[in-house]
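Accompanying notes for the structure given below.
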4 protein chains.
Amino acid sequence: MKIGFIGMGHMGEDMARNLLRAGHPLTIYNRTRSKTEALRREGAAVADSPAQAAAAAEVLITMLADDDAVRDIVLSGYPGQPPAIDGLPREAIHMCTSTISVAMSRELEAAHQPRGQQYLGSPVLGRPEAAAQRQLWLIVAGPQAAVERCRPIFDALGRGFSVVAPDPWKANLVKLGVNFMLASLLESFGEAFALVEKAGVDVRQFLQVMNDGTFRSPLVENYGNKIIEKSYEPAGFSMRLGFKDIRLALQSAIEENVPMPLTGLLSDHYLNAIAHGHGDLDWSAIAEVSRQAAGLSQPLRAGG
Amino acid sequence: MKIGFIGMGHMGEDMARNLLRAGHPLTIYNRTRSKTEALRREGAAVADSPAQAAAAAEVLITMLADDDAVRDIVLSGYPGQPPAIDGLPREAIHMCTSTISVAMSRELEAAHQPRGQQYLGSPVLGRPEAAAQRQLWLIVAGPQAAVERCRPIFDALGRGFSVVAPDPWKANLVKLGVNFMLASLLESFGEAFALVEKAGVDVRQFLQVMNDGTFRSPLVENYGNKIIEKSYEPAGFSMRLGFKDIRLALQSAIEENVPMPLTGLLSDHYLNAIAHGHGDLDWSAIAEVSRQAAGLSQPLRAGG
Amino acid sequence: MKIGFIGMGHMGEDMARNLLRAGHPLTIYNRTRSKTEALRREGAAVADSPAQAAAAAEVLITMLADDDAVRDIVLSGYPGQPPAIDGLPREAIHMCTSTISVAMSRELEAAHQPRGQQYLGSPVLGRPEAAAQRQLWLIVAGPQAAVERCRPIFDALGRGFSVVAPDPWKANLVKLGVNFMLASLLESFGEAFALVEKAGVDVRQFLQVMNDGTFRSPLVENYGNKIIEKSYEPAGFSMRLGFKDIRLALQSAIEENVPMPLTGLLSDHYLNAIAHGHGDLDWSAIAEVSRQAAGLSQPLRAGG
Amino acid sequence: MKIGFIGMGHMGEDMARNLLRAGHPLTIYNRTRSKTEALRREGAAVADSPAQAAAAAEVLITMLADDDAVRDIVLSGYPGQPPAIDGLPREAIHMCTSTISVAMSRELEAAHQPRGQQYLGSPVLGRPEAAAQRQLWLIVAGPQAAVERCRPIFDALGRGFSVVAPDPWKANLVKLGVNFMLASLLESFGEAFALVEKAGVDVRQFLQVMNDGTFRSPLVENYGNKIIEKSYEPAGFSMRLGFKDIRLALQSAIEENVPMPLTGLLSDHYLNAIAHGHGDLDWSAIAEVSRQAAGLSQPLRAGG
């Protein structure tokens, strides 16, 4: 299956590599061209523009940072660099794996439709390690036929996928909801750990009791340990991106008239962290805001 | 091992039954005597007072609703009913499995010590079903020797246990921290589900994506389904008890000078539910407060 | 002084009337033309487009609902209706009295400057009654010379004004800050009144004690009474507009990395009210959200 | 009128002095006796115990820090020092001016009644300066006849008073409600000032606009200036006392099932300040918590 792939960031490069290894002919594009070098050596073709990456693709995958990047790359292009939508053939599929707003997802659907292109909302769950190890989980929404055609891609990228709806934007809403749940978990970790630590109870013991006794979740264990070890760098998913997603969730909440008090609390704590220069740490460092508020002032250290 | 057991409520009766089945001679007490009848028929002796239940015990287990009940039963007694502490032999162990405040736990330790009695903080994780199925997890804190002597009891009650510290109150603090984490999870469920539901996305799909894709936790699955099915009655653990535990967590947070903004949010939502007559529903019904705030007004139904 | 005035809503018509009464030749414009009829009879000229209203003006005043309305009227125009900026003479002054975002204010400044037009940020404090009674307070920011030239206008519109800075957008930020303070006051009223009412204390007594004993503020008295009497209709300033301003304040807070937990709380309560169909009530009705949460369920009535 | 006065703290000494100056024979008591010295020289008799201070009184006034102090002084006494209630004659009136819990107020009423003593809840509004300048406002609740008899005392202490109900505890609830409103105002100041300051707008200008344009309240002006000047020492009313009152308000809110989300926010910010060693600053320093969260880190200075 001929695949175009745009976006060689933390997640994208490893995802693209897995497609290459699965035997799919791959044309890649990244705005900063140097980041395409590794995959070029492994056999990928490198395009000169988003449109060129899309031109030969049966499926075009985009993995970009945010709404603005998606708009620039897919819809507007840069000077001398026509956008992906201008190159993508009729009947080809755009799988947009970025975490974008519901509004942006609808805008993409509306742009692809009159051109006879297919569009799938397909954000992914999992951090860079999961991308590298083919352990992502894909949230997919869009026309049934397009979903079916992309199955080999889902298999090459992750350990499973869920098809949530025929409307592509619903996959994006689900992704925002999941990230909201994770951010809430991290916040509750921060508060509980601060209490336990100040009371002189061993935080590792607390985490173990909680996970063995109730959650029994590898995610809870991993995030709990990240916080205990303060291994916030390099960020698998940064504060700044976490904040972006909470704001996107809030934006959807406002559209739907849904009060979500936790989004306000999370938003404040991200802003606090960003105001103190920690915007590039892993988003689990939100726990440090609670520690700081409690007067537990050991400075952050770069993690392993 | 000769065991006294006080408190035949939702949890206590099934815990006591498991001890009986494991072959331990058991003397039980409950203030409302009729609740001792079932176990009496299965072979337990029934005491006339807390002191009598304790009198022959190597280990006295209490499973009571809150601080006040523990103080009445263990320390003060009722008219004509001397308290457990007056009957408990020197060297015998009091295993207090109730979720009580850190202050109450310290008070118990201080009361037992001069009498040469041992005291273990040993609150349990798990709902009534888990108690019945020997699937509890025990959080244990106290002197090493007493912990060792109680191992056969831990084995008869649950699927595992954690020893967290030599200070008994630390087990209680850990329990409060875990319940805070669970209450926070339920709150975030409520907010996320309200958003997803109003946006027209299938809530079951959302839950499945979240759990398959990230948490991979049976607890998350169970609680998520409870909320989706609105099966809030009978309560495994009621709003009112959940509220009590959040207030105990807040009380510890105040003692330690730890701001915990989530406790304020949780406290408000429990009060809201209680103000509307829902204090006896399962604590997972906190999700309904978010639904109501979002204008999703289907009334609660009794669950299966 | 020849004045153009655009926007004949709740506030605008009365403000324009006061200018007319003060003897200033006035040309007015409103998108829905019928709303210009009263002032036409009182002597105002009526323009056919925003550009025409601006064409003869030494000072153009706009009083419009929000950023979008300002952008349409001033910068973009409607089909067949050129925008105000195309009509406004060089050296003329645009006094923008609407409550708009800081970003929009900067956009206006950047648009006027290359055309040699002056621009003042001049949002007003006061509700429609105050506008009618010449009791507004103007918050003014912009070049000193332009401020001086507009003094007769300030005098005709209100009881006083403050000049806050040479940068026009700073007047808008100050306005958002003041509205945030007022919304916070209304929220605290709602919570305190709910407590006092449920405890069986007379709410009027409470208000009087508070104001006589501490605030001694006519505003506190007026808003307190509005809430006690539930006189939420017609809205002097609606929930929906209050929510808009809190979101604009939050937008500025995000730009400046300032956590403002009260904005989250306010935002949730506005959304709650809007989700229940109360978006068009006066913004003081935010107090009803707290009453409802407390189980005080008397329905809202239209007020006097 | 023969008056006993117990409690020579920040407020009490100046209140007692005003009674002395108004010509009332005064017997005073303070646990730390040295604090009675100044008034002794000005003509007050000094009692050796609470009971003795009460023994000759037609009206006994207490101005003490909190529930515990009131219980010790009025109901329990200290070793060798019988409590006030044992000395107070039948028909004499106890005016309790401290800010105590509703529960404590009810306990006092229940204790005085069987002894034929009268009891007035009469907390005061105003800081130490107001006490010194006879500018307090009294919140009075209790039997009408007792209220009437105390009028000369109200006149000697303050600029006015409100009679709110026949139930003494209602005066205490009103006081807690007012302090909640003031604490909320201070919190909103902190957030708004942080925004305005980071955006580069002059905070004094902002305060002036707000007060001239909307509140028109001397209290708003005074507190605003205190925060701008960081004059947090000596505390007129400390963080720690502010926190105590918010917790008492929350306690009443829990009794009445009233969610009050602002109490959670305020509580967190007080805890944050106390955790950083600022518990003895004036309660207006809660604004510094918002400044710190926003990364505005200038250290506190002792104020004028």
Side-chain angles (χ1 to χ4, degrees), chain A residues 102 125-126 137-139 160 162 164-165 167 170 173-178 180-182 184-185 187-189 191-196 198-202 205-206 208-210 212-220 249 252-253 255-263 265 268-269 290 293-295, chain B residues 102 125-126 136-139 160 162 164-165 167 170 173-174 176-178 180-182 184-185 187-189 191-196 198-202 205-206 208-210 212-220 249 252-253 255-263 265 268-269 290 293-295:
Chain A
V102 163
L125 294 170
W137 191 275
L138 287 92
I139 311 172
S162 309
V164 295
D167 309 302
K170 290 188 175 173
L173 185 81
V174 166
K175 174 66 197 274
L176 294 176
V178 172
F180 162 81
M181 294 284 299
L182 296 179
S184 300
L185 176 76
E187 168 64 23
S188 63
F189 263 131
E191 298 187 20
F193 281 10
L195 172 61
V196 159
K198 272 195 105 169
V201 171
D202 184 73
Q205 275 281 13
F206 173 70
Q208 199 187 317
V209 169
M210 178 168 60
D212 289 351
T214 62
F215 279 95
R216 303 169 91 169
S217 158
L219 175 120
V220 166
S252 287
E255 277 165 28
E256 305 290 349
N257 289 332
V258 178
M260 294 180 77
L262 270 164
T263 59
L265 174 52
D268 290 330
H269 284 194
S290 291
Chain B
V102 163
L125 294 171
L136 297 176
W137 190 275
L138 288 92
I139 312 172
S162 309
V164 296
D167 309 302
K170 289 189 175 173
L173 185 82
V174 165
L176 295 176
V178 172
F180 162 80
M181 295 284 298
L182 295 179
S184 299
L185 177 76
E187 167 65 23
S188 63
F189 262 131
E191 299 187 19
F193 280 10
L195 172 61
V196 160
K198 272 196 105 169
V201 171
D202 183 73
Q205 276 281 11
F206 173 70
Q208 199 187 319
V209 168
M210 180 169 57
D212 289 352
T214 62
F215 279 95
R216 305 169 89 169
S217 157
L219 174 119
V220 166
S252 287
E255 277 164 29
E256 304 291 347
N257 291 332
V258 177
M260 293 180 77
L262 269 164
T263 60
L265 174 53
D268 290 330
H269 283 195
S290 290

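None of these values were measured; they are calculated from a predicted model. Just so it is clear: chains get the letters A, B, ... in the order the sequence lines come, proteins before strands, and each one is counted from 1.
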Notebook entry, point to check: Roughly how far apart are B:Thr263 OG1 and A:Glu191 CD, rounded to 0.5 Å?
Noted result: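 Those atoms lie 7.0 Å apart.
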Checklist line | Atom pair CG/CG of A:Leu182 and A:Leu125 - distance to nearest 0.5 Å | finding: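 The CG atom of A:Leu125 is 7.5 Å from CG of A:Leu182, to the nearest 0.5 Å.
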Check: Any idea which of B:Met260, B:His269, B:Met210 has the most non-hydrogen atom pairs under 4.5 angstrom with chain A?
Finding: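 Most heavy-atom pairs under 4.5 Å with chain A: B:Met260.
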Check: Picking from B:Ser184, B:Ala294, B:Ala199, B:Pro259, which has the most non-hydrogen pairs under 4.5 angstrom with chain A?
Finding: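 Top count of heavy-atom pairs under 4.5 Å with chain A: B:Ala199.
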Next item on the list: Mark yes or no for whether A:Lys198, through its side chain, and B:Ala253, through its backbone, hold a donor-acceptor pair below 3.5 Å.
Entry: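 The answer is no, because no donor-acceptor pair under 3.5 Å joins these two groups.
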Check whether [X] gets within reach of chain B through its side chain, its backbone, both or neither, counting any heavy atom under 4.5 Å.
| X | answer |
| --- | --- |
| A:Phe180 | side chain |
| A:Ser290 | neither |
| A:Asp212 | both |
| A:Leu195 | both |
| A:Leu262 | both |
| A:Ala293 | both |

Next item on the list: Using the six-membered ring wherever Trp is involved, compare the ring planes of A:Phe215 and B:Phe215 and label them parallel, tilted or perpendicular (cut-offs 30° and 60°).
Entry: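 Plane angle under 30°, so parallel.
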Next item on the list: Scan side-chain atoms only and decide if B:Trp137 and B:Ser162 contain a donor-acceptor pair under the 3.5 Å cut-off.
Entry: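 Indeed, the side chains of B:Trp137 and B:Ser162 share at least one donor-acceptor pair under 3.5 Å.
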Note to self: For B:Phe189, which atoms come within 4.5 Å of any heavy atom of chain A: side chain, backbone, both, or neither?
What the structure shows: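 The answer is both parts of B:Phe189.
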